[in-house]
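Heads up, the thing below is written out as structure tokens.
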Amino acid sequence: MPELPEVETVRAGLASLITGATVRRVDVLRDSCVRLLPGGTAQFAGMLADARIASVARRGKFLWMPLLHAHEPEPAEALAAHLGMSGQFRVHEGAQAPQPHAHCRARLHLERDGRSLTLDFLDQRTFGYLHVEPLVPTADAQAGGAGSDLAAVPGSVAHIGRDALDPHLDVAAATRAWRRGSRGIKQVLLDQTLVSGIGNIYADEALWAARVHPERPASAVSLRQARELLDASRTVMSRALAQGGTSFDALYVNVNGESGYFSRSLEAYGRAGEPCSRCGRALRRASIGGRSTHWCATCQRRFSPRA
DNA sequence: AAGTACCCCTGCGTGC
DNA sequence: TGCACGCAGGGGTACT
């Protein structure tokens, strides 16, 4: 579930079910779902063996679970995960887990308070991955992300900016970074190194709400508009989160396999040809930067009338 | 720095 | 019915 609200829905679900659980066994059903370890899946399974999941954390669309090994005071490594386009986590409680789903790429057998749990990582399109890697300190010594107080993130997340809903996001620095350069503003919103968590759906929604054309050069976005875009991103993603995320089909579901309801609240994304709810003109759709983009040509001007 | 191309994959709906 | 094609919410790398 690709964007921030969907990943947060997964994070919260995982946190309630597997925090404090210990990994007992790992089955990797498709080797390529495990990334970046020279020792491959065997090393992956070995690094997880008997590790305790201290918490479930998230920054933007990146998830990780700090791991505690016996006699360690603080987690030094984490099980990191990215859902890519189609990744899912599913949790089953009880000793007999069902047959793995056809898209199940890895199954972790856990134990919590003497009870068995099964954590499946499903991924139809296989752009997602799992990875065990060291935690590195955050530059600002604040918590690495939502769900954990640890001032650390997995190494592969260090270059990712704090997300739009992170209380430690430096708003002034973020909006300054957004307004730098000549790229179109939509591409800038999608740049996860500046502000993370905003994906293709919520970028279109934020641009519609702030009345900014997706192709306006970032340098032509006023400070006020940049703040409006950040506010709009936060508002729309918070509302989506409250409804369990956006989903159009069974591909985007929470840890119980249920989908959210926010798709019916979208104003721009997926509504090409339908009337804009502000002005009534038909919404447009085009491919911008390789991503399908939806906007209202009347409300969202390429250049600001007075800026 | 920023733009471009291309890579990683599967499955669905559409039109011929 | 079959087949080719376009499309899908992500991100990384290499090159200009």
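Using a 3.5 Å distance cut-off with no hydrogens or angles, the side chains of A:Thr22 and A:Glu111 do not pair a donor with an acceptor. For the residue pair A:Thr9 and A:Glu6, no side-chain donor N or O sits within less than 3.5 Å of a side-chain acceptor on the partner.
With P as the reference atom, C:dG6 and B:dC7 are 16 Å apart, rounded to whole Å. Nucleotides B:dC9 and C:dC3 place their P atoms 24 Å apart, quoted to the nearest Å. The same atom, P, is picked in C:dC7 and in B:dA5; the two are 16 Å apart, to the nearest Å.
Rounded to whole angstrom, the span from the CD atom of A:Gln187 across to the P atom of B:dA1 amounts to 17 Å. To the nearest angstrom, C1' of B:dA2 lies 19 Å from CZ of A:Arg179. At whole-Å resolution of the value, CD in A:Gln124 and P in B:dC8 are 17 Å apart. B:dA2 atom P lies 19 Å from atom NZ of A:Lys186, rounded to whole Å. The CG atom of A:Asp123 sits 15 Å away from the P atom of C:dG9 (whole-angstrom rounding). The CG-C1' distance, from A:Leu194 to C:dG11, rounds to 15 Å in whole Å. Rounded to whole Å, the distance from CE on A:Met85 to C1' on B:dC9 is 10 Å. Straight-line distance from the CZ atom of A:Arg271 to the C1' atom of C:dG9: 18 Å, rounded to whole Å.
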Checklist entry - Using Watson-Crick and G-U wobble pairs with both distances under 3.5 Å, what is the 5'-to-3' dot-bracket string of DNA chain C, with [ ] for crossing pairs and | for pairs outside the strand? => result .|||||||.|||||||
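Close to C:dG9, at under 4.0 Å from its OP1 or OP2, lies a side-chain N or O of A:Tyr269. The phosphate of C:dA8 has OP1 or OP2 within less than 4.0 Å of a side-chain N or O from A:Arg285. An OP1 or OP2 oxygen of C:dA8 is reached within less than 4.0 angstrom by a side-chain nitrogen or oxygen of A:Ser292. When the side-chain nitrogen and oxygen atoms of A:His103 are compared with OP1 and OP2 of B:dT10, none of them lie within a distance under 4.0 Å.
For residues 15-72 of chain A, the pairs satisfying ring pair (Phe, Tyr, Trp, His ring centres under 6.0 Å) are A:Phe62-A:His82, with sequence neighbours left out. Among pairs with a residue in residues 151-167 of chain A, those fulfilling side chain to side chain donor-acceptor pair (under 3.5 Å) read A:Arg58-A:Asp163, A:Glu133-A:Ser156, A:Asp140-A:Arg162, A:Arg162-A:Asp166, at least two apart in sequence or across chains. Sorted by first then second residue, the side chain to side chain donor-acceptor pair (under 3.5 Å) pairs that include residues 31-47 of chain A, not counting sequence neighbours, are A:Arg30-A:Ser32.
Residue contacts for A:Arg35: at a heavy-atom cut-off of 4.0 Å it reaches no nucleic acid atom on any strand shown.
The base of C:dA8 is paired with the side chain of A:Arg125 by a donor and an acceptor separated by under 3.5 Å.
Rounded to the nearest 0.5 Å, atoms CE (A:Met237) and CG (A:Leu4) are 5.0 Å apart.
Qualifying side-chain hydrogen bond (donor to acceptor under 3.5 Å, both in side chains) partners for A:Arg52, counting only residues two or more places apart in sequence or in other chains: none.
In this structure, A:Arg285 fails the cation-pi test against A:Trp295, since its NZ or CZ atom is not both closer than 6.0 Å to the six-membered ring centre and inside 45 degrees of the ring normal.
Side chain of A:Ile201, nearest nucleotide from C:dG9, B:dG11, B:dC9: C:dG9.
Once the 5.5 Å centre distance and the 30° plane angle are applied, the aromatic ring of A:Phe127 is found not to be stacked with the base of B:dC9.
When the shell of 6.0 Å around CZ of A:Arg284 is examined, it contains 12 or fewer heavy atoms from other residues, nucleotides or ligands.
Between A:Asp27 and A:Arg25, at least one side-chain N (NZ, or NE/NH1/NH2) sits under 4.0 Å from a carboxylate O, which counts as a salt bridge.
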Show me the protein contacts with nucleotides 12-16 of chain C, counting only N or O atoms at under 3.5 Å.
from	atom 1	to	atom 2	distance (Å)
C:dG12	OP1	A:His159	NE2	3.4

